[in-house]
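A short write-up of the structure that comes next.
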Amino acid sequence: MAKIKAIRGMNDILPEQTRLWQFFESKIRTVLGTYGYDEIRMPMVESTDLFKRSIGEVTDIVEKEMYTFDDRNGDSLTLRPEGTASCVRACEEHGLLYNQTQRLWYMGPMFRYERPQKGRYRQFHQIGAETFGMTGPDIDAELILMSARFWRELGIQDIVTLQLNTLGSLAARNDYREALVAYLSQNMEQLDEDSKRRLTTNPLRILDSKNPQTQALLDGAPNLHDFLDQESREHFEALRTLLDRAGLKYEINQRLVRGLDYYGKTVFEWVTDHLGAQGTICAGGRYDGLVEQLGGRPVPAVGFAMGVERLILLIEAAGSVPDNLQQKVDLFVAVAGAGAESEGLLLAERLRSDMQLRIQLNCGGGSLKSQLKRADKSGAPYALLLGEDELLAGKIVIKPLRGQGEQHLVDMAELTAVLKEINLGKGLEN
RNA sequence: GUGGGCGUAGCUCAGUUGGCAGAGCUCCGGAUUGUGAUUCCGGCGGUCGUGGGUUCAAGCCCCAUCGUCCACCCCA
């Protein structure tokens, strides 16, 4: 019989990896907490229309990358390809945007039907932050500074850079799009096939083409910033001043446009050259029009999302994986003999209650030799050895596994005190 | 959807002009009656991705197919 395997592009995250994931998530949560952001959890499945109306009908995501299916009622549902649309829907649906501001974050799997490659999978994970009800560049700056703090906490600050741009108002962008199309149409023969296609679907996307010839052609194209409206220009200048005063380095990239239709004014991307072709680890921007577009009253909004798999890869590439991730237990309890086995089980229970220790009990028997092998593998710094002799004498052996040090035979009654003395359980939080 | 690389033990990989299916790690046992991580000895472990073809003989050559990785496209 053929073995059933995981679906292409959907990965199991195994124990060795989940330790790193938990470290990562806990760092991010802590930082989000220091900025006063609240978690929101949305369903992974939404009405297909939600994404069509927010991301944009002609984007690749909607046209060919969504997992869409009919449920038993015949309604068209879609596995979410991103989080912003769901977040807006949830907030609007529950009145969270009515006369108030919100700072929210979410984390979870997203789904896009693409060919998998390094840092890109069909089920991938994002952590996103979305803010609502704030118009000014101060909240833009806060989000960007918060993301910068993530990288410092994760030890990858030296291998990421911030790209910053403003798209201007919708009207300004439309004017610019016309000018760009006019210019490129005059030079049609120099455009590659992909760009010709984008000329009719999403002309702004041509700006970040990887084709050097196309990029050369763009050097003579009209500049987006020459088309900016006054308000967007001032917003952008104010944001730059805030970032400058905070001492944050960035690079203005007029060709940074983002793939989703709902962005306007501020857009930014954190990129790295350590992940092959998938250089973007975090991206976001302002989407003041989206809430209204989805049927709510106009509410200004800014947010970003980061790719967890890519950041995990980057932490590894930076050599910033903490080395104490291996240690998952404080104490290993080895037992020899039937009487000791049941006594060991009860002892472990008691120590977990009394001392909040992480204890791995030897189950399944085996020689003391093999039990100590397991103890070593568990990563525990100490082992307790309980055999028939100790049981009869009311004593127990405590044996250091890591550094030097002799094992000691202690009275069972003294055990808690001795364990406290050697300071088990310290410095284990990641 | 397009292009290229790679599929051999649980993992990492050797495998010569086509001639008995291999190593290291892991795991189990022993050297040491109840002492790990070092050393030594032994053992478990295989549809060589799958199907077809060529051949006396295929892990190796040919065709197809699936999977995987990387890149294009797109995106976090």
Practice prompt. Please work out if Ala336(A) contacts a base, only the sugar-phosphate, or nothing of the nucleic acid, heavy-atom cut-off 4.0 Å.
Written response: nothing
Practice prompt. Would you indicate what Gln407(A) reaches in the nucleic acid, counting non-hydrogen atoms under 4.0 angstrom: base, sugar-phosphate, or nothing?
Written response: base
Discussion item. Assess whether a salt bridge exists between Arg112(A) and Glu82(A), defined as any Lys/Arg side-chain N lying under 4.0 Å from an Asp/Glu carboxylate O.
Written reply: no
Worksheet item: Can Arg402(A) and Asp376(A) be counted as an ion pair, charged N to O under 4.0 angstrom?
Response: yes
Worksheet item: Looking across every strand, which nucleic acid part, if any, lies under 4.0 Å from Leu385(A) by heavy atom: base, sugar-phosphate, or nothing?
Response: base
Worksheet item: Looking for any heavy atom pair under 4.0 Å, which part of the strands does Glu388(A) touch: base, sugar-phosphate only, or nothing?
Response: base
Item to complete: Would you mind classifying the nucleic acid contact of Ser370(A) as base, sugar-phosphate or nothing, using non-hydrogen atoms under 4.0 angstrom?
Response: sugar-phosphate
Worksheet item: Base, sugar-phosphate alone, or nothing: which one does Arg198(A) contact when heavy atoms must sit under 4.0 Å apart?
Response: sugar-phosphate
Worksheet item: Hey, does Asp60(A) reach any base, or is it just sugar-phosphate, or nothing, if we go heavy atoms under 4.0 Å?
Response: sugar-phosphate
Discussion item. Can you tell whether the side chains of Asp330(A) and Arg358(A) come within less than 4.0 Å, N to carboxylate O?
Written reply: yes
Discussion item. Once pairs are restricted to Watson-Crick or G-U wobble with both distances under 3.5 Å, how does RNA chain B read as a dot-bracket string, [ ] for crossings and | for other-strand pairs?
Written reply: (((((((..((((.....[..)))).(((((.......))))).....(((((..]....))))))))))))....
Worksheet entry | Sugar-phosphate only, base, or nothing, as touched by Ala375(A) at under 4.0 Å among non-hydrogen atoms | nothing
Item to complete: Would you classify Arg258(A) as touching base, sugar-phosphate or nothing, given that sugar-phosphate means primed atoms plus P, OP1 and OP2, and contacts are heavy atoms under 4.0 Å?
Response: sugar-phosphate
Worksheet item: Heavy atoms under 4.0 Å, any strand shown: does Lys5(A) hit a base, just sugar-phosphate, or nothing?
Response: sugar-phosphate
Practice prompt. Give Phe332(A) one of three labels, base, sugar-phosphate or nothing, depending on what nucleic acid heavy atoms sit under 4.0 Å from its own.
Written response: nothing
